[in-house]
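Nothing fancy with the numbering, it's 1 onward along the sequence. Just so it is clear, the values below take in all heavy atoms, side chains as well, and ignore hydrogens, waters and symmetry mates.
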Amino acid sequence: MGWWTMKKTVLITGASSGFGKATALHFAREGWNVVATMRRPGEEHELGKLEGVLVARLDVQDKATIAAAVDAGIARFGRIDALVNNAGFGLFGLFEATPAEKIVEQFGVNVFGVMEVTRAILPHFRQNKGGLVLNVSSGAGVFTLPMISLYCASKFALEGFSEALSYELASQGIVVKIIEPGGVVSTNFGKRSGAEAAQNNPLPDYDAFVAHTQAVFAGLRAARLATSEDVAQVIYQASTDGTRQLRYVATEDIKPLVRARRETSEEKYMAFMRGRFGAC
């Protein structure tokens, strides 16, 4: 049977929960082979039971596990057609209070990890004369919010890398796409962000600002309606629509802020954001 008649295969990082697990389940339901990767595969008890799903260890900060997961996926399914770089986490808290080692970790996972996984799979894609790289960014890669400055910085870096890389890889028949979700109700992202913030050093001078910002965020959280499954549907759509569209805004909640950032003047946008966060 020729490769063109075979089922397609996707490799997904960070597939143990949230967007990653929902995406793995969605692709499996749609008949794709799935290489569902995560740091601790021994803790996953659902995906491995599904036909056409290989659960593999992959830590984006460990090159050996990246190479092993890519090789295992190719050995199991013959080829990999798409990569979803989903693994990531967010630091929440004041920049001044964040330890330097946590800043390094933020970029190590959200930026350098994406680069290493992408680098590992590109020779396979070039050999196949094609492939698809989907990088899960965030609304925080389009607009910025206080208390997540380092997460925003990592996602802005990811957006710039992805856009520039798309020009290079087009010459090899490889397509790059960016998925931009906002906050959702069924992801562990917020839980980990809170745990990270608890490790930060308190700075009383910021107390009034932090209290105001947390109240704004509480309103944003209350308005969240999207689920991880909704984001998985957009990732699947981007994988199968046959276009070279670069960016996909994946949840309705961030569309007003995305429009404000991309479609209004700098003056109007900054006045709106500074007013919202008490920074006028």
Handout entry: Residues, nucleotides or ligands: over 12 heavy atoms within 6.0 Å of R119 CZ
Key = no

Under 4.5 Å between any side-chain heavy atoms of [X] and [Y], yes or no?
X: K7; Y: T9; value: no
X: L50; Y: L25; value: yes
X: F125; Y: I80; value: yes
X: Y248; Y: I235; value: no
X: R262; Y: F143; value: no
X: E266; Y: R261; value: yes
X: V10; Y: S239; value: no
X: V111; Y: F161; value: no

Taking every non-hydrogen atom, the tightest pair across [X] and [Y]:
X: H212; Y: R276; result: NE2-O, 3.2 Å
X: F77; Y: V34; result: CE1-O, 3.9 Å
X: F107; Y: A153; result: CZ-CB, 3.6 Å
X: E96; Y: Y206; result: OE1-OH, 2.7 Å
X: T243; Y: V175; result: O-CG1, 4.2 Å
X: L134; Y: A238; result: CD2-CB, 3.7 Å

Completion exercise
Checking R247, K155, E180, E159 against S137 for side chain to side chain donor-acceptor pair (under 3.5 Å), the one that qualifies is E159

Problem - Salt bridge E163-K177, side-chain N to carboxylate O under 4.0 Å - result: no

State yes or no: do [X] and [Y] share one hydrophobic cluster built from I, L, V, M, F, W and Y residues joined by side-chain heavy-atom distances below 4.5 Å, directly or via other members?
X: F89; Y: F156; answer: no
X: V109; Y: L11; answer: yes
X: V60; Y: I178; answer: no

Handout entry: CA sep, side-chain torsions, deciding dist, call: T240, F27, side-chain contact (heavy atoms from CB on, under 4.5 Å)
Key = CA-CA 11 Å; T240 57; F27 273 80; 5.6 Å; no

Handout entry: Test side chain to side chain donor-acceptor pair (under 3.5 Å) applied to D230 and T251, step by step
Key = CA-CA 8 Å; D230 295 329; T251 56; over 6 Å; no

Practice task
Could you list the residues that satisfy ring pair (Phe, Tyr, Trp, His ring centres under 6.0 Å) with H124, not counting sequence neighbours?
Solution key: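 Not a single residue meets the ring pair (Phe, Tyr, Trp, His ring centres under 6.0 Å) criterion with H124.
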
Practice task
Apply side-chain contact (heavy atoms from CB on, under 4.5 Å) to the pair L122 and L169, showing each step before the final yes or no.
Solution key: CA-CA 9 Å; L122 286 182; L169 296 187; 3.7 Å; yes

Practice task
Verify side-chain contact (heavy atoms from CB on, under 4.5 Å) between L47 and M38, making sure each step is shown before the conclusion.
Solution key: CA-CA 11 Å; L47 291 171; M38 58 200 70; 4.2 Å; yes

Practice task
Test V117 against T37 for side-chain contact (heavy atoms from CB on, under 4.5 Å), laying out the working first.
Solution key: CA-CA 11 Å; V117 177; T37 73; over 6 Å; no

Completion exercise
Value for NZ (K21) from CD1 (I12), rounded to nearest 0.5 Å, stands at 12.5 Å

